[in-house]
Amino acid sequence: MSLTQTLLDYNKKSRGRIPAANLAIMDAATQALVNENIISNSIKKGDVLPVTEFVNAKGKKLDLGKLLDNGPLVISFYRGGWCPYCNFELRALQQILPELKELGANLVAITPETPDNSLTTTEKNEIAFDVLTDYDNSYARELGLVFKMPQALQEVYNSFGIDIEAHNENSNFELPMPATLVVDSNREVLYSFVNEDYTKRADTTAILEAVKQLQLA
């Protein structure tokens with residue numbers, strides 16, 4: 001089953017379990033991002049990717065620029081290990097990791113979660129690629145991916161037992177929109193998926209196709 005279909009199936013079941021009042025708040029928050037056209041300022045195909053240094057889940061420093069020196073790079077931004085849609089995505093990316101490597105591409109995921117929390121996510125999902133911490137969403141903000149959770153949505157997440165402040169070790173209540181990029185060694189973005197709806201993710205078939213097209217260029 002494709003990642004897209006997996007997420008659709010999970011979303012249908014999840015919506016049936018969430019109280020109507022909470023669901024209305026969650027839907028309204030997503031629609032507000034759509035209405036604001038927030039993705040109009042997000043990184044797009046053809047843009048040049050800024051590079052910086054991160055810390056991975058084990059505390060090791062990694063530089064995106066150096067990773068790109070070794071070939072194309074797939075970058076996935078996710079909200080946190082508390083998000084079931086993110087976990088589905090991470091596991092799907094892990095499944096295509098061998099094929100990405102055969103194509104000469106590297107893969108990293110970027111999250112606002114602290115390294116300790118991202119390590120838990122990595123171990124839970126048996127991830128073999130690097131998960132990088134974007135403290136305070138600084139890098140994601142530079143790429144136009146960040147939004148602030150409205151107060152009502154914060155309260156809904158708290159009612160679910162999701163402590164965003166603890167996961168990110170700040171009180172900003174900011175999250176990145178789901179985003180996946182395929183970037184070539186010249187730092188040009190050749191594929192960009194950004195969506196205001198946290199239940200939607202780039203399908204792995206689209207990611208692989210973008211990398212294959214890069215190899216044919």
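Counting only N and O atoms by type, the side chains of N35 and Q31 include a donor and acceptor under 3.5 Å apart. Under the 3.5 Å distance criterion, with hydrogens and angles disregarded, a donor-acceptor pair is assigned to the side chains of D9 and Q5. A donor and an acceptor atom, one from each side chain of T205 and D203, are located under 3.5 Å apart. In this structure, a donor-acceptor pair under 3.5 Å is present between the side chains of N117 and T114. Between the side chains of Q95 and T204, no donor N or O sits under 3.5 Å from an acceptor N or O. Using modelled atom types, one finds a donor on one side chain and an acceptor on the other under 3.5 Å when comparing Y85 with N11. With no hydrogens or angles considered, a side-chain donor-acceptor pair links D197 and T199 at under 3.5 Å.
Judged purely by atom type and a 3.5 angstrom limit, K58 has no side-chain atom pairing as donor or acceptor with the backbone of L119. K61 contributes no side-chain N or O that, together with a main-chain N or O of G59, makes up a donor-acceptor pair within less than 3.5 Å. Not a single donor-acceptor pair under 3.5 Å links the side chain of N70 to the backbone N or O of N106. Between the side chain of D134 and the backbone N or O of A140, at least one donor-acceptor pair lies under 3.5 Å. Although no hydrogens or angles enter the test, the distance criterion places no donor-acceptor pair under 3.5 Å between the side chain of E113 and the main chain of T133. For the pair S185 (side chain) and G71 (backbone), a donor-acceptor distance under 3.5 Å is absent.
With respect to R187 and D69, no salt bridge is recorded, no charged nitrogen being found less than 4.0 Å from a carboxylate O. For the pair D63 and K66, the salt-bridge criterion is not met [side-chain N within less than 4.0 Å of a carboxylate O].
Sequence neighbours left out, the pairs with a member in residues 161-183 that pass salt bridge (Lys or Arg N to Asp or Glu O under 4.0 Å) are R141-E174.
Judged by the 6.0 Å distance and 45° axis criteria, R201 is not positioned over the aromatic ring of F77.
Taking the six-membered ring where tryptophan is involved, the planes of W82 and Y157 are perpendicular, since the angle between them exceeds 60° and thus also 30°.
The neighbour count for K45 NZ, taken as heavy atoms of other residues, nucleotides or ligands under 6.0 Å away, does not exceed 12.
Here the shortest heavy-atom pairing between F193 and A202 reads CE2-N, 3.4 Å. Among all heavy-atom pairs drawn from P176 and N137, the shortest one is CD-OD1, 3.4 Å. For A29 against L153, the heavy-atom pair with the smallest separation is CB-CD2, 3.8 Å. When all heavy atoms of M177 and V194 are compared, the pair lying nearest together is CE-CG1, 3.8 Å.
Side-chain contact between L175 and V146 is absent, with no heavy atoms from C-beta onward closer than 4.5 Å.
Going from atom OH of Y135 over to atom CG of N168 covers 11.0 Å, rounded to the nearest 0.5 Å. For the atom pair CZ (F160) and CG (N158), the distance works out to 10.5 Å, reported to the nearest 0.5 Å. The structure places CG of L3 at 10.0 Å from CZ of R91, a figure rounded to the nearest 0.5 Å.
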**Request:** Could you go through the salt bridge (Lys or Arg N to Asp or Glu O under 4.0 Å) check for D27 and R15 one step at a time?
**Result:** CA-CA 10 Å; D27 288 346; R15 291 181 69 85; 2.8 Å; yes
**Request:** Would you please test T121 and I127 for side chain to side chain contact (heavy atoms under 4.5 Å, CB included) and show each step?
**Result:** CA-CA 8 Å; T121 302; I127 300 303; over 6 Å; no
Side-chain donor-acceptor distances from residues 96-105 under 3.5 Å, at least two apart:
| residue | atom | partner | partner atom | Å |
| --- | --- | --- | --- | --- |
| E99 | OE2 | K212 | NZ | 3.4 |

